[in-house]
Amino acid sequence: MQYFSTRGDGPVNLDDALRKGIADDGGLFLPQHLPSFELADFDDAKSIPEVAEILLRPFFEGSLLKEHLDAVLSETFSFPIPATPLPAAGRELALLELYHGPTAAFKDVGAAFLAACLSRLESDEDAPLTILVATSGDTGGAVAAAFDGRPGMRVVVLFPDGRVSDRQAHQLCCWSDNVVSLKVQGSFDDCQAMVKAAMADPELCAAHRFSSANSINIGRLLPQSTYYADASLRHYRRTGKKPGFIIPTGNLGNAFACIMAREMGLPIGPVILATNANRTIADYFETLEWLPRASLQTLASAMDVGDPSNMERLRKLVGEADVLREQIGVLSVSDAEIEASIRKDFREFGFATCPHTATATHTWRQLDGEMASAHDWIVVGTAHPAKFETIVEPIIGTTVPLPPELEEILARPARAITIKPDLESLASAIGDA
Ligand SMILES: *Cc1c(COP(=O)(O)O)cnc(C)c1O
């Protein structure tokens with residue numbers, strides 16, 4: 001399989017697409033064509049790694065990783081991803097729980113897959129690879145956990161001081177020596193600008209072998225499409241109906257993976273994006289004009305994105321807004337609605353949802369009668385509520401028990417280096433090699 005940039009560069013094979021992350025022309029990598037599947041292709045696949053094996057094999061044609069696919073997948077799917085029925089909803093509804101990985105958010109899946117792939121592409125002669133990652137909270141922890149202790153690879157996490165939750169901060173700072181945690185006295189945008197500046201700096205690039213692990217890497221998207229494949233196949237086998245998915249959306253990586261699975265022939269019905277108050281996608285579908293803007297801070301902070309990168313992929317794969325809006329729904333959810341939704345979820349379903357997941361349950365409640373009854377629905381749970389306990393607990397009026405993964409991480413000692421938001425400070429923090 002060959003990969004091309006959304007802006008035309010290419011072709012490259014999977015290995016180079018994974019290593020580069022972003023194409024030289026600034027575009028995002030997409031496979032030259034998507035394979036297409038019949039449902040019968042999956043008849044013998046009973047677990048997520050087995051589904052993933054069939055779904056992802058064509059993407060590994062021409063890759064050095066082809067013979068390692070089984071091992072990569074068993075490392076990636078080391079935790080369960082159940083679709084739990086919600087009988088209290090009174091209609092066919094399930095919650096796809098993507099948050100049972102080491103850092104309790106769906107980003108663990110993509111990060112684990114990317115780490116499993118990149119570590120197998122390294123050779124002993126190579127200088128250590130330094131993965132730079134700017135994070136507003138969840139990505140950095142998932143990437144650090146995935147690369148923790150891997151020989152020949154180092155992760156440098158940059159996060160904005162005071163703008164991530166205490167538990168998120170702990171998850172960014174509690175790893176082995178090959179993870180360097182930098183608390184930047186600035187904003188997330190500063191962190192991102194520092195990573196870009198470092199990767200464009202000739203002197204630093206001569207001293208280090210840099211790579212990045214942000215959500216535009218195709219290696220984050222491919223494994224995500226497998227849980228949509230698995231959940232839809234299970235539902236379809238049981239009911240004969242294609243489930244609709246409602247997906248909390250920020251940078252559009254998770255939802256893109258679902259749409260990719262549908263394009264490949266998986267039994268997926270309507271797809272609806274639930275965003276927070278950042279309305280860029282909702283406005284695009286309404287006005288047909290793409291107007292990225294600065295992000296607004298909301299309760300669902302991991303979705304505070306004003307310029308969703310993966311829209312470039314979606315437009316290339318499916319089409320412009322007039323086509324997209326026929327195939328994909330979108331609803332922008334306010335902070336007040338998120339709060340009300342967390343409260344209702346707890347009352348009606350008997351469990352807490354995180355602020356991101358609550359955008360999806362709110363969207364489900366807003367479906368009009370016809371949409372609601374014509375389809376079975378799966379809402380996507382992107383993070384464990386205990387990760388956002390300072391928001392969730394006051395709303396539901398009780399504590400959210402810590403899942404064992406988080407408890408284990410929070411018990412570790414944490415350390416970080418505080419730096420100023422400039423390239424010199426980053427350069428001195430990461431040293432000479
Ligand atoms: C990153 C994240 C999202 C948004 O996912 P995208 O792929 O950026 O659309 C939603 N919820 C949580 C908890 C996240 O960490």
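By convention here, the first residue in the shown sequence is residue 1. Ligands are counted one by one from 1 in listed order, and the atoms in each one are counted from 1 as well. From a predicted model like this one, the values you see are computed outputs, not experimental measurements. What you see below is based on every heavy atom in this structure, not just the backbone, and it leaves out hydrogens, waters and symmetry mates.
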Please tabulate, one line per pair, the protein nitrogen or oxygen atoms found under 3.5 angstrom from a nitrogen or oxygen of ligand 1, with distances to 0.1 Å, or say none if there are no such pairs.
residue  : atom   : partner : partner atom : Å
ligand 1 : 7 (O)  : G253    : N            : 3.0
ligand 1 : 7 (O)  : N254    : N            : 2.9
ligand 1 : 8 (O)  : N251    : N            : 2.8
ligand 1 : 9 (O)  : G250    : N            : 2.7
ligand 1 : 9 (O)  : N251    : N            : 3.2
ligand 1 : 9 (O)  : L252    : N            : 2.9
ligand 1 : 11 (N) : T382    : OG1          : 2.8
ligand 1 : 15 (O) : K107    : NZ           : 2.5
ligand 1 : 15 (O) : D138    : OD2          : 2.6

- Item | Test: E339 and R343 ion pair at under 4.0 Å |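 A salt bridge links E339 with R343.
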
- Task: Report yes or no: does R262 contribute a side-chain atom to a donor-acceptor pair with the main-chain N or O of C258 at less than 3.5 Å?
- Result: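 Side chain of R262 to backbone of C258, a donor-acceptor pair under 3.5 Å: no, none is there.
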
- When you look at CD of Q297, are more than 12 heavy atoms from neighbouring residues, nucleotides or ligands closer to it than 6.0 Å?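 No, the 6.0 Å shell around CD holds no more than 12 heavy atoms from other groups.
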
- Item | Check: F159 and K183 side chains under 4.5 Å, non-hydrogen atoms | yes

- Message: Contact between T139 and R220 at the side-chain level, heavy atoms closer than 4.5 Å - yes or no?
- Response: yes

- Query: Can a donor-acceptor pair be found between the side chains of Y284 and E320 at a distance below 3.5 Å?
  - Reply: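 Side chains of Y284 and E320: pair found under 3.5 Å.
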
